[in-house]
Novice: 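Before I ask anything, here is the structure I am working with.
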Amino acid sequence: MKKTTALLSALLLCLFCLPSSALSRDFGSVRINEIMASNGDTIQDSLGATPDWIELKNVSDDDIDLSGLCLSDGKKNLEKFVFPEGIVLPKGGFLVIFCSEEESVKTLDGGAVEIHTAFKLSADGEKAVLSYQGAILDIVRFDMQTKDVSWALKDDGTWTFSNVPTPGAENQF
Ligand SMILES: [Ca+2]
Ligand SMILES: [Ca+2]
């Protein structure tokens with residue numbers, strides 16, 4: 001459980017709010033970095049549940065205002081989740097979004113924001129799609145998943161399974 005707590009702290013620390021005037025809107029620098037469609041005990045949300053999750057990474061040197069960016073589990077309806085105002089992904093930072101089937105964006109004690117989408121990820125294989133105003137920015141297809149093994153992006157740009165999932169941190173293999 002220690003691992004889970006540390007990871008949760010890491011992902012919460014990456015969220016904070018800045019005046020929108022200082023922020024980038026370079027959505028091309030936001031990418032899907034890791035996915036878990038069968039979360040047994042890798043990470044818990046603030047209520048102790050273990051939903052599926054998607055990790056985003058900001059690969060740029062600017063903090064990015066995510067408002068208006070969309071996440072989905074398919075191309076038919078790209079806007080299953082739309083980021084509200086006030087969510088910032090710091091430069092080089094990570095953001096974990098829980099895919100729990102019950103949408104919510106709530107501010108936790110300490111000011112961090114926890115995001116849940118109305119869709120879940122299928123462990124039998126599905127997609128994760130990042131888009132803005134109908135244009136797909138990133139799409140990740142995955143086949144059958146194993147509990148507590150993530151599907152993660154490597155430095156060479158290919159995807160593979162990871163037995164050491166890292167929600168909110170650099171991927172490890
Ligand atoms: Ca789904
Ligand atoms: Ca990671």
Side-chain angles (χ1 to χ4, degrees), residues 1-16 29-45 49-60 63-64 66 69-83 87-105 112-131 136-173:
M1 216 36 69
K2 204 173 177 188
K3 183 179 90 176
T4 304
T5 309
L7 287 170
L8 188 59
S9 306
L11 86 94
L12 295 181
L13 279 174
C14 74
L15 281 175
F16 57 89
S29 293
V30 180
R31 72 180 187 205
I32 299 168
N33 195 56
E34 191 176 7
I35 286 166
M36 183 170 279
S38 182
N39 178 13
D41 62 3
T42 296
I43 186 172
Q44 297 181 343
D45 65 14
T50 55
D52 308 335
W53 50 269
I54 295 172
E55 178 188 77
L56 300 182
K57 183 179 182 184
N58 174 357
V59 298
S60 79
D63 300 334
I64 298 179
L66 298 183
L69 199 63
C70 301
L71 263 181
S72 184
D73 57 357
K75 291 198 279 188
K76 244 180 192 169
N77 178 3
L78 290 174
E79 302 190 357
K80 285 194 175 179
F81 178 80
V82 183
F83 280 86
I87 311 257
V88 172
L89 186 50
K91 54 184 176 185
F94 301 88
L95 173 61
V96 173
I97 295 109
F98 291 111
C99 304
S100 58
E101 216 164 28
E102 224 169 291
E103 183 169 323
S104 67
V105 177
V113 177
E114 182 177 287
I115 299 169
H116 290 251
T117 69
F119 64 87
K120 296 174 77 167
L121 300 175
S122 170
D124 292 334
E126 207 171 20
K127 297 183 191 73
V129 190
L130 191 66
S131 68
I136 293 175
L137 303 171
D138 198 6
I139 181 164
V140 177
R141 296 173 179 82
F142 55 92
D143 294 326
M144 191 164 285
Q145 301 291 301
T146 305
K147 189 186 274 190
D148 291 314
V149 175
S150 71
W151 185 239
L153 182 62
K154 295 196 294 186
D155 285 341
D156 66 4
T158 62
W159 286 78
T160 191
F161 292 110
S162 171
N163 288 310
V164 279
T166 56
E170 293 287 357
N171 292 346
Q172 291 178 33
F173 300 94

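Predicted, not measured: the structure shown is a model, and the values here were computed from it. Note that ligands are numbered from 1 as they come in the structure, with each ligand's atoms numbered from 1 the same way. As a basis for the values below, the full set of heavy atoms in this structure was taken, side chains included, without hydrogen atoms, waters or symmetry mates.
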Novice: Would you confirm whether S72, through its side chain, and N77, through its main-chain N or O, come within 3.5 Å as a donor-acceptor pair?
Specialist: yes
Novice: At a threshold of 3.0 Å, where the distance has to be below it, does the Ca ion (ligand 2) have an N, O or S atom of G168 nearby?
Specialist: no
Novice: At less than 3.0 Å, would any N/O/S atom of T166, backbone or side chain, sit next to the Ca ion (ligand 2)?
Specialist: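 Of the N, O and S atoms in T166, at least one lies under 3.0 Å from the Ca ion (ligand 2), which means yes.
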Novice: With distance as the sole test, does D52 use its side chain to make a donor-acceptor pair with the main-chain N or O of K120 at under 3.5 Å?
Specialist: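 Not a single qualifying donor-acceptor pair exists.
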Novice: Does N39 reach the main-chain N or O of P51 with its side chain, forming a donor-acceptor pair under 3.5 Å?
Specialist: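 Indeed, once roles are kept as given, a pair shorter than 3.5 Å links the two residues.
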Novice: Are any side-chain N or O atoms of N171 and backbone N or O atoms of E34, one a donor and one an acceptor, separated by less than 3.5 Å?
Specialist: no
Novice: By atom name, which N, O or S atom of E34 is the nearest to the Ca ion (ligand 2)?
Specialist: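 Sorting the N, O and S atoms of E34 by distance to the Ca ion (ligand 2) puts OE1 first.
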Novice: Can you tell me if, anywhere in N171, an N/O/S atom lies at a distance from the Ca ion (ligand 2) that is smaller than 3.0 Å?
Specialist: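 Of the N, O and S atoms in N171, at least one lies under 3.0 Å from the Ca ion (ligand 2), which means yes.
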Novice: At the Ca ion (ligand 1), what's the angle from D73 OD2 to E126 OE2, rounded to 10 degrees?
Specialist: 90°
Novice: Tell me whether the Ca ion (ligand 1) has K120 as a neighbour, meaning an N, O or S atom of it below 3.0 Å.
Specialist: yes
Novice: Hey, what do you get for CG (D124) to CE (M144), rounding to the nearest 0.5 Å?
Specialist: 4.5 Å
Novice: Taking 3.0 Å as the cut-off, does E170 contribute an N, O or S atom near the Ca ion (ligand 2), distance below it?
Specialist: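 Coordinating: no.
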